[in-house]
Amino acid sequence: MGKIKLDLRERVFARGLSYPSDAELLMLVLGSGTKELPVEEIAYKMLNMVESSKSECLVDEFLRIPGVGLGKALAVAAALEFGRRKSSHLNAVINSPQDLLPFIKQYAYKSSEHFIAVSLSGAREILRQKVVALGNSNSAIINPREVFYDAVQTRASAVILAHNHPSGNCVPSSEDMEATNRLCAAADILGISVLDHIIISREEYFSFKEHNLLKEAA
């Protein structure tokens, strides 16, 4: 049962996860081969299946590889699904709060506040989405430098701010209003438009834009 070569792990650790090939990334997920096949060959077979298959669930196809059991098949399939979920928002066009909700809805189920900044291109396509602050069940401390860091790095023309209210009440607090005004002022200095600030809960959302609580974006 061939195990992954130690030098691959060391090289990836030293150079970062952008260094290995797709097959080598799969080798890292697999960890080892089987009695029938070395890990390199399994990785290449799986990679070919990923690139050629039209099926959304590849587990059954992975199980056809000699010696691959449910554990390895599910591990690779889960890694692929995780990557798909994390990148599904990229390039999506956002014209309304409803367009963004599917990409931030998971934060509505958090027990503490998560503050999210979504960077957008001039065509209103998502360039990056990131949690920029964490708080307790009532509030999160917002640092403008963290909020706009990715927007500056990606040369975004606009951002949408969002955070969850674990209490379930989406009405903005006085702290929410103050933080929004402060961030809008910082964005003006940077030449970035704040298109909206959306508060979400499990059942509803509140849009500053829809309630005319933001000035018109450029």
Side-chain angles (χ1 to χ4, degrees), residues 56 78 81-218:
E56 292 186 0
E81 176 62 15
F82 181 78
R84 185 194 67 77
R85 292 184 184 183
K86 287 301 179 182
S87 62
S88 63
H89 62 280
L90 296 179
N91 300 320
V93 177
I94 307 300
N95 291 313
S96 69
Q98 289 81 4
D99 293 333
L100 184 62
L101 288 177
F103 305 119
I104 62 173
K105 188 64 177 177
Q106 69 269 26
Y107 298 107
Y109 298 90
K110 301 292 185 181
S111 59
S112 59
E113 279 203 5
H114 287 57
F115 199 94
I116 306 110
V118 182
S119 304
L120 302 173
S121 69
R124 302 298 185 254
E125 295 176 329
I126 296 178
L127 299 174
R128 196 167 296 174
Q129 175 180 311
K130 185 178 179 180
V131 174
V132 294
L134 294 172
N136 54 32
S137 60
N138 296 315
S139 64
I141 298 175
I142 312 302
N143 187 325
R145 180 177 56 204
E146 297 298 326
V147 171
F148 296 110
Y149 179 83
D150 280 350
V152 172
Q153 292 296 310
T154 59
R155 299 190 177 186
S157 66
V159 298
I160 294 177
L161 311 172
H163 76 280
N164 63 310
H165 273 186
S167 67
N169 181 2
C170 285
V171 176
S173 65
S174 58
E175 289 82 5
D176 292 332
M177 299 292 295
E178 180 182 349
T180 302
N181 291 335
R182 184 161 54 92
L183 292 172
C184 285
D188 284 340
I189 296 173
L190 294 170
I192 297 172
S193 299
V194 176
L195 298 183
D196 205 345
H197 185 174
I198 301 171
I199 302 173
I200 58 172
S201 71
R202 294 188 181 192
E203 304 297 334
E204 58 184 350
Y205 76 91
F206 181 98
S207 162
F208 276 60
K209 180 72 172 178
E210 291 181 345
H211 286 80
N212 297 315
L213 294 177
L214 288 178
K215 67 179 182 179
E216 287 296 320

CA sep, side-chain torsions, deciding dist, call: Tyr205, Glu210, side chain to side chain contact (heavy atoms under 4.5 Å, CB included): CA-CA 11 Å; Tyr205 76 91; Glu210 291 181 345; 3.2 Å; yes
Greater than 12 external heavy atoms within 6.0 Å of Glu203's CD: no
Check: Asn164 side chain, His114 main-chain N or O, donor-acceptor pair, under 3.5 Å: yes
Step-by-step side chain to side chain contact (heavy atoms under 4.5 Å, CB included) determination, Leu195 to Lys209: CA-CA 7 Å; Leu195 298 183; Lys209 180 72 172 178; over 6 Å; no
Steps toward side chain to side chain contact (heavy atoms under 4.5 Å, CB included) verdict (Val132, Phe148): CA-CA 9 Å; Val132 294; Phe148 296 110; over 6 Å; no
Heavy-atom side-chain contact between Leu120 and Glu125 under 4.5 Å: no
Which atom of Ala162 lies closest to which atom of Ile104, heavy atoms considered: CB-CD1, 3.9 Å
Residues, nucleotides or ligands: over 12 heavy atoms within 6.0 Å of Arg182 CZ: yes
Heavy-atom side-chain contact between Leu161 and Asp196 under 4.5 Å: no
Contact check, side chains of Ile94 and Ile160, non-hydrogen atoms, under 4.5 Å: yes
Check against side chain to side chain contact (heavy atoms under 4.5 Å, CB included), Glu113 and His165: CA-CA 6 Å; Glu113 279 203 5; His165 273 186; 3.5 Å; yes
Point-to-point distance, once rounded to the nearest 0.5 Å, from CG of Asn212 to OG of Ser207: 9.0 Å
Ala186 versus Pro144, closest heavy-atom pair with distance: CB-CB, 4.2 Å
Geometric class of the Phe115/His197 ring pair [parallel <30°, tilted 30-60°, perpendicular >60°]: perpendicular
Nearest-0.5 Å distance that lies between atom CD1 in Ile200 and atom CD in Gln106: 7.5 Å
CG on Leu90 to CD on Gln129, rounded to 0.5 Å: 9.0 Å
Set of residues satisfying side-chain hydrogen bond (donor to acceptor under 3.5 Å, both in side chains) with respect to Ser173, sequence neighbours excluded: Glu175, Asp176
Distance (rounded to the nearest 0.5 Å) between Glu178 CD and Asn181 CG: 8.0 Å
Tyr107/Tyr109 aromatic ring centres below 6.0 Å: no
Donor-acceptor contact present, side-chain Lys105 to main-chain Leu100, <3.5 Å: no
Heavy-atom check, side chain of Ser96 versus side chain of Asp99, under 4.5 Å: yes
Any donor-acceptor N/O pair, Ser119 side chain to Val159 backbone, under 3.5 Å: no
Gap separating the CD1 atom of Ile198 from the NE2 atom of His163, nearest 0.5 angstrom: 11.5 Å
